[in-house]
Amino acid sequence: EVFEQPQRLLIFREKEFWLLNLLTVLYFFQPLFGGESFFFRDLSAFLFADKQFWLNSLKSGEIPFWNPLLVGGEPYFNNMFMSALYPLNLIFFLLPFIHAFNWFIVLHFLLAASGAYFCARTVGLKPVSSMMTGIVYTFSGGMLSLANLPGLHYDMAYLPFVLACWHLFLLHRKRRWFLCCVGTGVVQALAWSHEGNEITMLIVLGWTCCASYPEKSLLRRILLVGALTACIIGICAIIILPGIEIVRYSGRQYVFSYENFASISLHPQRVFELVFPWFFGTIQTATSYRIHFCGSHLL
């Protein structure tokens with residue numbers, strides 16, 4: 001209902017929206033205001049040094065085309081996995097580095113919460129239901145566990161915005177919503193990796209095919225999704241095309257055969273454990289199996 005009114009910014013007057021964002025800030029109170037910091041896995045092993053290199057290069061007046069400090073040197077500026085053109089990187093110029101690093105991570109949780117709320121309101125949910133949607137999306141195990149994996153964590157923050165803008169475009173056929181969807185998709189693609197953007201576009205395609213809209217022609221709606229994807233890829237070609245060239249020379253393509261890949265993929269039985277933890281055994285059993293499996297391959 002709120003998005004049928006002339007003022008689209010009415011969402012910012014809803015107390016549930018601000019309460020959701022306040023809860024998000026309070027959840028991360030320690031790293032934001034308590035002197036702690038994020039460090040687990042890729043954050044300390046990769047992201048911290050990556051952002052420090054980006055900041056130091058620009059402060060010294062150099063464009064970071066090449067990073068000589070990682071794996072013997074590799075392209076940086078035009079590498080789709082480095083987010084050199086990501087707009088939120090500007091926060092590192094505004095705050096001391098460690099504070100900027102913490103806020104950089106938390107901002108994506110705030111974006112996820114705001115986006116989920118916005119998307120829920122867009123499809124007609126009430127403010128309280130939209131706040132619960134934001135809580136579930138932002139603080140789910142999947143989202144929290146992605147915090148140490150920069151690529152998907154940053155990409156998933158923009159997924160609800162893309163869906164909401166696309167829904168409004170198909171509903172009202174206003175050009176501004178198509179442009180907003182393209183812009184959000186571009187920022188998502190610049191955020192880090194391409195997996196999240198691919199997942200988003202597949203969800204958009206499924207949404208477009210299954211939802212009911214004034215446009216009855218399914219083929220026309222699919223073509224619109226194709227136009228959206230082409231616009232995003234075209235704008236991001238400056239990093240996508242060089243990234244494809246880099247992947248071509250990656251040695252990872254020779255590490256795993258299809259048989260090795262398929263043997264460690266998700267077994268269909270494990271899907272039940274998304275709802276019932278330890279449905280097929282405890283974590284100790286899984287760990288013992290994993291060690292035994294990896295050890296047999298090492299031998």
Side-chain angles (χ1 to χ4, degrees), residues 1-3 7-34 36-38 40 42-43 47 83 86-92 94-95 99-168 177 180-181 183-193 195-197 199-200 203-204 207:
E1 297 176 356
V2 65
F3 292 100
Q7 294 183 348
R8 306 291 180 179
L9 297 179
L10 193 60
I11 183 176
F12 294 109
R13 301 180 183 178
E14 297 175 354
K15 61 181 181 299
E16 291 84 359
F17 173 80
W18 294 109
L19 178 59
L20 173 61
N21 284 278
L22 177 61
L23 289 174
T24 305
V25 171
L26 291 177
Y27 185 87
F28 294 103
F29 182 85
Q30 286 301 110
L32 292 181
F33 310 107
E36 297 183 359
S37 183
F38 301 97
F40 185 65
D42 286 8
L43 298 181
L47 181 65
S83 67
Y86 186 38
L88 282 187
N89 286 337
L90 295 176
I91 194 175
F92 289 96
L94 304 177
L95 297 171
H99 297 294
F101 181 78
N102 291 335
W103 272 105
F104 184 77
I105 296 172
V106 175
L107 276 176
H108 290 89
F109 283 101
L110 289 169
L111 283 171
S114 301
Y117 187 96
F118 175 62
C119 186
R121 292 293 283 133
T122 299
V123 299
L125 271 63
K126 299 298 183 181
V128 174
S129 300
S130 300
M131 183 180 71
M132 295 306 299
T133 301
I135 291 174
V136 171
Y137 185 76
T138 308
F139 300 105
S140 64
M143 183 65 74
L144 291 176
S145 65
L146 289 176
N148 62 80
L149 298 173
L152 286 175
H153 169 51
Y154 303 158
D155 291 345
M156 291 299 100
Y158 296 99
L159 170 59
F161 286 107
V162 174
L163 289 178
C165 293
W166 187 245
H167 173 70
L168 290 170
W177 290 118
C180 286
C181 196
T184 307
V186 168
V187 173
Q188 183 191 48
L190 296 177
W192 196 273
S193 63
E195 295 98 332
N197 202 242
I199 292 171
T200 298
I203 294 176
V204 167
W207 181 297

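Throughout, numbering of the chain's residues begins at 1 and tracks the sequence. Computed from heavy atoms alone, side chains included, the values below leave out hydrogens, waters and symmetry copies.
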* Asked: Do side-chain atoms of Asp155 reach the backbone of Ala189 as a donor and acceptor pair under 3.5 angstrom?
  -> no

| task | Verify, without hydrogens or angle tests, whether Thr138 (side chain) and Ile135 (backbone) share a donor-acceptor contact under 3.5 angstrom. | result | no

Tell me which donor-acceptor pairs under 3.5 Å the side chains of residues 107-116 have, and how far apart each pair is, sequence neighbours excluded?
{"residue": "His108", "atom": "ND1", "partner": "Phe104", "partner atom": "O", "Å": "2.7"}
{"residue": "His108", "atom": "NE2", "partner": "Tyr86", "partner atom": "OH", "Å": "2.7"}
{"residue": "Ser114", "atom": "OG", "partner": "Asn21", "partner atom": "OD1", "Å": "3.1"}
{"residue": "Ser114", "atom": "OG", "partner": "Leu110", "partner atom": "O", "Å": "3.0"}

To the nearest 0.5 Å, atom CG of Leu163 lies from atom OG1 of Thr122 at 10.0 Å

Check: Is a side-chain donor-acceptor pair under 3.5 Å present for Thr200 with Gln188?
Finding: yes

Rounded to the nearest 0.5 Å, the OG atom of Ser130 sits from the CD1 atom of Ile11 at a distance of 7.5 Å

Item checked: Heavy-atom donor-acceptor pair, Ser129 side chain to Leu125 backbone, under 3.5 Å -> no

Quiz item: Taking it one step at a time, do Lys126 and Glu16 satisfy salt bridge (charged side-chain N to carboxylate O under 4.0 Å, His left out)?
Solution: CA-CA 10 Å; Lys126 299 298 183 181; Glu16 291 84 359; over 6 Å; no

*Indicate yes or no: at least one non-hydrogen side-chain atom of Tyr154 is less than 4.5 angstrom from one of Leu88.*
no

Exercise. Does some side-chain heavy atom of Trp177 sit less than 4.5 Å from a side-chain heavy atom of His167?
Worked result: no

When rounded to the nearest 0.5 Å, the distance separating CG of Leu190 from OG of Ser83 is 9.0 Å

In short, Asn148 meets Phe40 closest at the heavy-atom pair CB-O, 3.5 Å

In terms of heavy-atom contacts, Cys119 and Ala164 come closest through CA-CB, 3.8 Å

Sorted by chain and number, sequence neighbours left out, side chain to side chain contact (heavy atoms under 4.5 Å, CB included) with Leu22 holds for Leu26

Side chains of Tyr158 and Asn197: closer than 4.5 Å at any heavy-atom pair? no

Are Glu14 and Met131 side-chain neighbours, meaning at least one heavy-atom pair lies under 4.5 Å? no

dist Thr133:OG1 -> Tyr117:OH (nearest 0.5 Å) comes out at 10.0 Å

The reported gap from CZ in Phe33 to NE2 in His99 (rounded to nearest 0.5 angstrom) is 10.5 Å

| said: For Phe38 together with Phe101, are the ring centres under 6.0 Å from each other? | reply: no

Practice item. Check for a donor-acceptor pair, side chain of Asn102 on one end and backbone N or O of Pro31 on the other, with a separation under 3.5 Å. Key: yes

**OP:** Taking the side chain as every heavy atom from C-beta outward, state whether Tyr137 and Pro160 have any pair of such atoms under 4.5 Å apart.
**Re:** yes

Cys181 meets the side chain to side chain contact (heavy atoms under 4.5 Å, CB included) criterion, sequence neighbours left out, with Val162, Cys165, Trp166, Leu228

Rounded to the nearest 0.5 angstrom, the CZ-CD distance for Phe28 and Glu36 is 12.5 Å

